[in-house]
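Presented below is the structure to which this report refers.
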Amino acid sequence: MQFSFIAFFCALFRIVVALPMLPDSLSIRHTTDWMRSQVSEIWNFPNGTWVESLAVRGNGQILTTILSSSQVYQVDPSKKTPATLVHTFESFRGCLGIVELQPDIFYVVVGNVTSQVFPDTAGSFTVWELDMRKFVPGRAPATVTKKATFPQSVFLNGITTINPFSSSILLIADSGAGAVWSLDTSTGRIAKASSDPRLAPTNGTRPLGVNGVKVHQGTLFFTNFNQQIFASADIGPQGDLQSPAKILATELDGVDDFQLDVHGDAFFTGNDQLRYYRFGGNNVSVLSRDPLLEGSTAVQFGRRPSDSRSLYVSTFGPIEQYESGTRAGPGRIVRVDLTVSKGQRVVFR
Ligand SMILES: *[C@@H]1O[C@H](CO)[C@@H](O)[C@H](O)[C@H]1NC(C)=O
Ligand SMILES: *[C@@H]1O[C@H](CO)[C@@H](O)[C@H](O)[C@H]1NC(C)=O
Ligand SMILES: *[C@@H]1O[C@H](CO)[C@@H](O)[C@H](O)[C@H]1NC(C)=O
Ligand SMILES: *[C@@H]1O[C@H](CO)[C@@H](O)[C@H](O)[C@H]1NC(C)=O
């Protein structure tokens, strides 16, 4: 009990110090043994909808990308209004990663990948700017601009900023090539920023290497689906790797995308789980395992006062439905609330 109080106040102190830097992040500093999670559904899409990624707007609304159609939807975390279509990328088959670079300006990976055929059309991948500043559901559209094509890419997937709001550089995981591309959004210049054995796919049938990518204090963190690892490497200002990648955790079966908090602690999706890695540690523990998390693909923190202690997760539901062509379950946006020691919530903004 004594220890839990000390840990509680340490956590409070750390987040107070960190608050001015990254207001949309969260911190969990407790032993995961104490954690309990509650998982609830925010929105379910029709059966067979592969919900691939998500980003949370400054106003708290969730933008979510669909892999089984080339669409972006807005989902209301308060559940008061139904999901609204934001945009359809005509003549593409699927949407993948999404990230906010400038306030309410997002970048989306779009390509001819499908959930049945894998990988599909190498070289079809593009990154689009989705400017949400004037968007009003049903009245005013988002402003959508193609920023770059990647003719040499194999299968673009996760996308991240190097430094949101102050760098124009985006990094994009190429799961098929085992590489990370950079895109300078101010010039449109693309470059293959990095390749490393730890980024590579290792399965000839389902070649999926580097998957999620995030940057924390000049270090690139990434997951590799085939290698089942979480790893990191130092990067330069253009996103180029400046050290060999270092493995931080192994045996991450089915790992997909992840999110980092202010301290570099990581929350991973994949399978029916939400898993957690404490910065500086060398293993991962399961925070939550729940049927609602089946086919979890990406995770983000809430940004409103009422959900600052919550994580939102996108899911594709039962994987078998994409192989069999039956429609056996919905893709979802779910919310995970974490609590600790006798109902005391742990997450602080
Ligand atoms: C994607 O595939 C469709 C056909 O399914 C095709 O019409 C379109 O040109 C392709 N787009 C790209 C960018 O390759
Ligand atoms: C490669 O991926 C396929 C399809 O997901 C899977 O059936 C197979 O077991 C994987 N092979 C290895 C060696 O991981
Ligand atoms: C793994 O994590 C658990 C729970 O967080 C912790 O108790 C254990 O010491 C860790 N093991 C290693 C090898 O770091
Ligand atoms: C959708 O999937 C659920 C199982 O999650 C099933 O009960 C339902 O019948 C399916 N609906 C349709 C229209 O296929």
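Model, not experiment: these values are computed from the prediction. Atoms within each ligand, like the ligands themselves, are counted from 1 in listed order.
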What verdict does the side chain to side chain donor-acceptor pair (under 3.5 Å) test give for Glu251 and Gln228, after you've listed the backbone C-alpha separation in whole Å, the side-chain angles of each residue and the deciding distance to 0.1 Å? CA-CA 5 Å; Glu251 295 173 34; Gln228 304 188 353; over 6 Å; no
Per-atom contacts of ligand 4 with Ala328, taking only distances under 4.0 Å to non-hydrogen atoms: 2 (O), 3 (C), 4 (C), 5 (O)
Decide yes or no on ring-ring contact (aromatic ring centres under 6.0 Å, His included) for Tyr277 and Phe267, but give the supporting numbers first. CA-CA 7 Å; Tyr277 165 86; Phe267 298 82; over 10 Å; no
Identity and distance of the protein heavy atom lying nearest atom 5 (O) of ligand 2: Arg206 CD, 3.3 Å
Determine whether the aromatic ring centres of Tyr312 and Phe301 lie less than 6.0 Å apart. no
Asn203 N/O under 3.5 Å from ligand 2 N/O: yes
Under 30°, 30 to 60°, or over 60°: which ring-plane class applies to Phe155 and Phe125, parallel, tilted or perpendicular? parallel
As a check for students: among Asn47, Thr326, Asn44, identify the option with a heavy atom nearest to atom 8 (C) of ligand 4. Asn47
NZ/NE/NH1/NH2 to OD/OE distance under 4.0 Å, Arg133 and Asp131: yes
Numbered atoms and elements of ligand 4 in range of Arg327, under 4.0 angstrom, heavy atoms: 1 (C), 14 (O)
Tyr107 ring centre to Lys147 NZ or CZ under 6.0 Å, with the angle to the axis within 45°? no
Got the closest protein heavy atom to atom 4 (C) of ligand 1, with its distance? Arg93 NH2, 4.0 Å
Does Pro330 reach ligand 4 with a nitrogen or oxygen that is under 3.5 Å from one of the ligand's nitrogen or oxygen atoms? no
Counting from 1 in the order shown, the ligand 4 atoms closer than 4.0 Å to a non-hydrogen atom of Gly329 are 2 (O), 5 (O)
Between Phe258 and Phe230, does the ring centre distance come in under 6.0 Å? yes
With a 6.0 Å cut-off on ring centres, are Tyr276 and Phe268 close enough? no
Considering non-hydrogen atoms of the protein only, which is the closest contact for atom 13 (C) of ligand 1, and what is the distance? Phe92 CE2, 3.6 Å
The closest protein heavy-atom partner of atom 10 (C) of ligand 1 is Asn112 ND2, 2.5 Å
Indicate yes or no: does an N/O atom of Ser91 lie under 3.5 Å from an N/O atom of ligand 1? yes
